[in-house]
Trainee: 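The structure is given below, and queries will be raised subsequently.
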Amino acid sequence: MTRALLVIDMQQGFDDLAFWGATTNPDCEENVAALIAHWRRTGEPVVVVRHDSVSPGAPLHPSSPGNALVAAVAAAEADVLVTKQVNSAFYGEPDLHAWLGERGIQEVVVCGIQTNMCVETTARMAGNLGYDTTVVLDATRTFDLDEEVAGVGRVTRTAADLMAGTALVLQGGGFARVVRTADLV
């Protein structure tokens with residue numbers, strides 16, 4: 001057993017499009033469920049990560065119903081639940097790096113929400129920590145972004161553009177391989 005599936009922030013609060021904005025990849029949850037089912041069949045560990053926002057009233061705050069995992073992930077028997085308050089699953093409780101190391105796990109496969117935020121940050125850190133890292137792009141999703149950026153001006157990107165950009169940076173930068181669900185199940 002040297003490979004684990006990291007399921008990042010698959011929480012009901014991300015369905016609040018009034019808060020997050022437009023999204024893409026409606027097949028994300030179905031693809032994550034397929035990955036979990038495959039991992040269960042192979043007997044490999046599944047790590048579920050939940051974001052516990054520190055902002056009261058935020059959809060992912062522990063007091064919000066949105067903090068709950070989506071049905072497909074809630075029904076899965078996770079080998080460990082990691083809770084975090086920042087982007088990287090490696091800065092959560094329990095210590096993910098220690099947990100993986102104790103089990104001799106050297107390869108991680110990452111999926112979940114948001115592609116260009118917590119998924120990307122976790123994948124980058126996994127790569128930096130020496131894990132053989134794969135990101136399953138069609139088992140992720142994100143949201144449109146529109147921000148004023150100092151020295152650049154107004155920057156607007158669609159969720160699809162952000163997903164493609166993340167895939168390019170992760171793979172082109174040597175942090176992770178990018179694959180599809182069908183490549184693994």
Side-chain angles (χ1 to χ4, degrees), residues 1-11 14 23-25 27-29 31-36 38-40 42-53 60 69 73 76 78-143 145 149 155 157 159-185:
M1 173 177 62
T2 62
R3 179 175 79 160
L5 179 66
L6 308 183
V7 181
I8 309 293
D9 302 347
M10 291 295 296
Q11 293 167 256
F14 282 116
T23 189
T24 192
N25 192 20
D27 296 330
C28 173
E29 189 170 336
N31 290 334
V32 168
L35 289 168
I36 291 171
H38 177 74
W39 253 251
R40 285 290 154 235
T42 63
E44 296 173 293
V46 174
V47 175
V48 172
V49 179
R50 186 186 70 218
H51 190 91
D52 289 346
S53 175
L60 303 181
L69 299 169
V73 177
D79 291 277
V80 66
L81 171 67
V82 174
T83 59
K84 63 181 183 59
Q85 297 176 337
V86 296
N87 302 101
S88 177
F90 287 97
Y91 288 115
E93 292 293 329
D95 181 317
L96 178 59
H97 185 50
W99 189 90
L100 294 168
E102 289 164 4
R103 286 150 186 81
I105 297 169
Q106 301 162 352
E107 181 181 351
V108 294
V109 176
V110 187
C111 62
I113 302 173
Q114 296 184 60
T115 313
N116 56 311
M117 303 285 183
C118 296
V119 169
E120 180 176 356
T121 304
T122 297
R124 282 175 176 251
M125 192 159 183
N128 286 165
L129 288 169
Y131 293 96
D132 182 357
T133 307
T134 301
V135 172
V136 188
L137 191 64
D138 67 352
T140 73
R141 72 179 173 107
T142 195
F143 305 89
L145 278 178
V149 179
V155 179
R157 296 291 182 270
D161 287 341
L162 290 166
M163 287 181 69
T166 295
L168 175 64
V169 169
L170 287 174
Q171 189 162 295
F175 294 101
R177 275 179 310 288
V178 177
V179 301
R180 297 167 301 153
T181 301
D183 297 327
L184 297 177
V185 298

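Residues: numbered from 1 along the sequence shown.
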Trainee: Measuring only between side-chain heavy atoms, which start at C-beta, is Val110 closer than 4.5 Å to Val136?
Mentor: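 Contact flag for Val110/Val136 side chains = no.
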Trainee: Within the structure provided, determine whether Trp99 and Val47 are in side-chain contact (heavy-atom separation under 4.5 Å).
Mentor: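 Sidechains of Val47 and Trp99: in contact.
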Trainee: Cys28 versus Met10: any side-chain heavy-atom pair under 4.5 Å?
Mentor: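 Yes, side chains in contact.
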Trainee: Would you tell me whether Thr83 and Arg50 have side-chain atoms, one donor and one acceptor, within less than 3.5 Å of each other?
Mentor: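 Arg50 and Thr83 do not have a side-chain donor-acceptor pair below 3.5 Å.
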Trainee: Begin from the C-alpha positions of Met117 and Asp9 and carry the test side chain to side chain contact (heavy atoms under 4.5 Å, CB included) through to its verdict.
Mentor: CA-CA 11 Å; Met117 303 285 183; Asp9 302 347; over 6 Å; no
Trainee: Which atoms form the tightest heavy-atom contact between Ala123 and Val135, and what is the distance?
Mentor: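 Heavy atoms of Ala123 and Val135 come nearest at CB-CG2, 3.6 Å.
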Trainee: In plain terms, say whether Asp79 and Arg103 are close enough for a salt bridge, that is, a side-chain N and a carboxylate O under 4.0 Å apart.
Mentor: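 No, no charged N to carboxylate O under 4.0 Å.
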Trainee: Can you find a side-chain donor-acceptor pair between Glu120 and Thr166 that sits under 3.5 Å?
Mentor: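 Side chains of Glu120 and Thr166: pair found under 3.5 Å.
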Trainee: Which heavy atom of Ala89 sits nearest to which heavy atom of Val82, and what is that distance?
Mentor: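 Taking every non-hydrogen atom into account, O-CG1, 3.7 Å.
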Trainee: To the nearest 0.5 Å, what is the distance between CG on Leu96 and CE on Met125?
Mentor: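 Rounded to the nearest 0.5 Å, the CG-CE separation comes to 9.5 Å.
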Trainee: Check whether any side-chain heavy atom of Asn116 lies under 4.5 Å from a side-chain heavy atom of Leu145, and answer yes or no.
Mentor: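 Yes, side chains in contact.
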Trainee: Indicate the atoms forming the closest heavy-atom contact of Met163 with Leu137, along with that distance.
Mentor: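 Looks like CE-O, 3.3 Å.
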Trainee: Do Thr122 and Asn87 come within less than 4.5 Å of each other through their side chains, counting heavy atoms only?
Mentor: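 Answer no - side chains too far apart.
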Trainee: Hey, could you give me the SG/CG distance between Cys118 and Leu6, rounded to the nearest 0.5 Å?
Mentor: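 One gets 12.5 Å once the value is rounded to the nearest 0.5 Å.
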Trainee: Taking all non-hydrogen atoms of both residues, which atom of Cys111 and which atom of Val32 are closest, and how far apart?
Mentor: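 Taking every non-hydrogen atom into account, SG-CG2, 4.0 Å.
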Trainee: Pick one: which of Thr142, Thr23, Thr140 meets side chain to side chain donor-acceptor pair (under 3.5 Å) with Gln114?
Mentor: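 By the side chain to side chain donor-acceptor pair (under 3.5 Å) criterion, Gln114 pairs with just one of Thr142, Thr23, Thr140: Thr142.
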Trainee: Do you know which of Gln106, His97, Arg3 makes side chain to side chain donor-acceptor pair (under 3.5 Å) with Tyr131?
Mentor: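 Running side chain to side chain donor-acceptor pair (under 3.5 Å) over Gln106, His97, Arg3 with Tyr131 returns exactly one hit, His97.
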Trainee: Over 60° means perpendicular and under 30° means parallel, so tell me whether Phe14 and Phe143 are parallel, tilted or perpendicular.
Mentor: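 Phe14 vs Phe143 ring planes: parallel.
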Trainee: Heavy atoms, side chains only, cut-off 4.5 Å: are Ile8 and Ile113 in contact?
Mentor: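 Side-chain contact under 4.5 Å: no.
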Trainee: Of all heavy-atom pairs between Trp39 and Leu5, which one has the smallest distance, and what is that distance?
Mentor: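 Smallest interatomic distance, heavy atoms only, reads NE1-N, 3.2 Å.
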Trainee: Out of curiosity, Asn31 CG to Asp138 CG, how far, rounded to the nearest 0.5 Å?
Mentor: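 Rounded to the nearest 0.5 Å, the CG-CG separation comes to 4.5 Å.
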Trainee: For a salt bridge (Lys or Arg N to Asp or Glu O under 4.0 Å) check, start with the C-alpha distance between Arg141 and Asp27, then their side-chain angles and the critical distance, and finish with the verdict.
Mentor: CA-CA 9 Å; Arg141 72 179 173 107; Asp27 296 330; over 6 Å; no
Trainee: Measure from the side-chain N and O atoms of Gln171 to the backbone N and O of Val178, and report whether any donor-acceptor pair falls under 3.5 Å.
Mentor: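 Yes; judged by distance alone, with no hydrogens or angles, the pair exists.
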Trainee: Are Leu162 and Thr115 close enough, and set up right, to give a side chain to side chain contact (heavy atoms under 4.5 Å, CB included), and what steps lead you there?
Mentor: CA-CA 8 Å; Leu162 290 166; Thr115 313; over 6 Å; no
Trainee: Locate the shortest heavy-atom distance separating Arg177 from Glu107; write the atom from each residue and the value.
Mentor: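 In this case the closest contact between Arg177 and Glu107 is NH2-OE2, 4.0 Å.
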Trainee: Is any side-chain heavy atom of Phe90 closer than 4.5 Å to a side-chain heavy atom of Leu100?
Mentor: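 Side-chain contact under 4.5 Å: yes.
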Trainee: Taking C-beta and beyond as the side chain, do Val49 and Val7 meet within less than 4.5 Å on heavy atoms?
Mentor: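 Not touching, per the 4.5 Å side-chain cut-off.
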Trainee: May I ask you to decide if Gln85's main-chain N or O and Asp52's side chain share a donor-acceptor pair within less than 3.5 Å?
Mentor: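 Answer holds: no.
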Trainee: Tell me, yes or no, whether the heavy-atom count around Tyr91 atom OH, taken from other residues, nucleotides or ligands under 6.0 Å, exceeds 12.
Mentor: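 At most 12 heavy atoms, drawn from other residues, nucleotides or ligands, come within 6.0 Å of this atom.
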Trainee: Out of curiosity, Thr134 OG1 to Leu184 CG, how far, rounded to the nearest 0.5 Å?
Mentor: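 Here the rounded value is 7.0 Å.
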